[in-house]
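A short worksheet on the structure shown next.
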Amino acid sequence: MISKNRKYFSLFGILAATVDKKIQSINCMIHSILSKMPKITKQLLQKQLKPIKLYSTNNI
(Lines give C-alpha, C1' and ligand atoms only; values in the text may rest on other atoms or scores of the structure.)
Protein backbone atom coordinates (compact mmCIF):
# COMPACT_ATOMS: atom_id res chain seq x y z
CA MET A 1 0.00 0.00 0.00
CA ILE A 2 1.36 3.40 -1.00
CA SER A 3 0.77 6.24 1.41
CA LYS A 4 1.01 9.82 0.31
CA ASN A 5 2.31 12.17 2.94
CA ARG A 6 1.07 15.68 2.49
CA LYS A 7 3.31 18.44 3.65
CA TYR A 8 1.58 21.53 4.86
CA PHE A 9 3.14 24.86 5.58
CA SER A 10 2.97 25.59 9.25
CA LEU A 11 2.26 29.06 10.52
CA PHE A 12 5.69 29.10 12.16
CA GLY A 13 7.39 28.13 8.88
CA ILE A 14 5.66 30.92 6.96
CA LEU A 15 6.45 33.42 9.71
CA ALA A 16 10.11 32.35 9.83
CA ALA A 17 10.47 32.68 6.05
CA THR A 18 8.86 36.13 6.06
CA VAL A 19 11.01 37.36 8.94
CA ASP A 20 14.14 35.94 7.28
CA LYS A 21 13.41 37.85 4.05
CA LYS A 22 12.73 41.07 5.96
CA ILE A 23 15.94 40.76 8.01
CA GLN A 24 17.91 40.00 4.85
CA SER A 25 16.46 43.12 3.19
CA ILE A 26 17.41 45.28 6.19
CA ASN A 27 20.93 43.81 6.23
CA CYS A 28 21.38 44.63 2.53
CA MET A 29 20.19 48.19 3.13
CA ILE A 30 22.60 48.66 6.06
CA HIS A 31 25.47 47.14 4.08
CA SER A 32 24.90 49.50 1.14
CA ILE A 33 24.83 52.52 3.45
CA LEU A 34 28.00 51.44 5.28
CA SER A 35 29.83 50.78 2.02
CA LYS A 36 29.07 54.39 0.94
CA MET A 37 30.15 55.95 4.26
CA PRO A 38 33.78 56.74 3.30
CA LYS A 39 32.56 58.51 0.16
CA ILE A 40 29.92 60.47 2.11
CA THR A 41 32.46 61.41 4.82
CA LYS A 42 34.94 62.61 2.21
CA GLN A 43 32.29 64.80 0.54
CA LEU A 44 31.22 66.28 3.87
CA LEU A 45 34.80 67.09 4.80
CA GLN A 46 35.37 68.79 1.44
CA LYS A 47 32.25 70.93 1.87
CA GLN A 48 33.00 71.77 5.49
CA LEU A 49 32.32 75.41 6.32
CA LYS A 50 35.49 77.28 7.10
CA PRO A 51 35.73 80.69 8.77
CA ILE A 52 36.43 83.64 6.50
CA LYS A 53 38.77 85.29 9.01
CA LEU A 54 40.92 83.57 11.55
CA TYR A 55 40.90 86.50 13.99
CA SER A 56 38.11 88.11 15.94
CA THR A 57 36.58 91.33 14.55
CA ASN A 58 35.06 92.32 17.90
CA ASN A 59 38.08 94.10 19.32
CA ILE A 60 37.14 96.42 22.15
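Nothing here was measured: the structure is a model prediction, and the numbers come from that model. Numbering starts at 1 and runs along the sequence shown.
- Ser25 places no side-chain N or O within 3.5 Å of a backbone atom of Lys21 that could act as its donor or acceptor partner.
- Tracing side-chain contacts under 4.5 Å through hydrophobic residues (I, L, V, M, F, W, Y), one reaches Ile23 starting from Leu15; they form part of the same cluster.
- The distance from the OG atom of Ser32 to the CG atom of Asn27 is 11.0 Å, given to the nearest 0.5 Å.
- Atoms NZ and NZ, from Lys42 and Lys39 in turn, are 9.5 Å apart once rounded to the nearest 0.5 Å.
- Tracing side-chain contacts under 4.5 Å through hydrophobic residues (I, L, V, M, F, W, Y), one reaches Met37 starting from Ile30; they form part of the same cluster.
- Expressed to the nearest 0.5 Å, how far CD1 of Ile40 lies from CG of Leu45 amounts to 12.0 Å.
- Open room surrounds CG on Leu11; 12 or fewer heavy atoms of other groups in view lie less than 6.0 Å from it.
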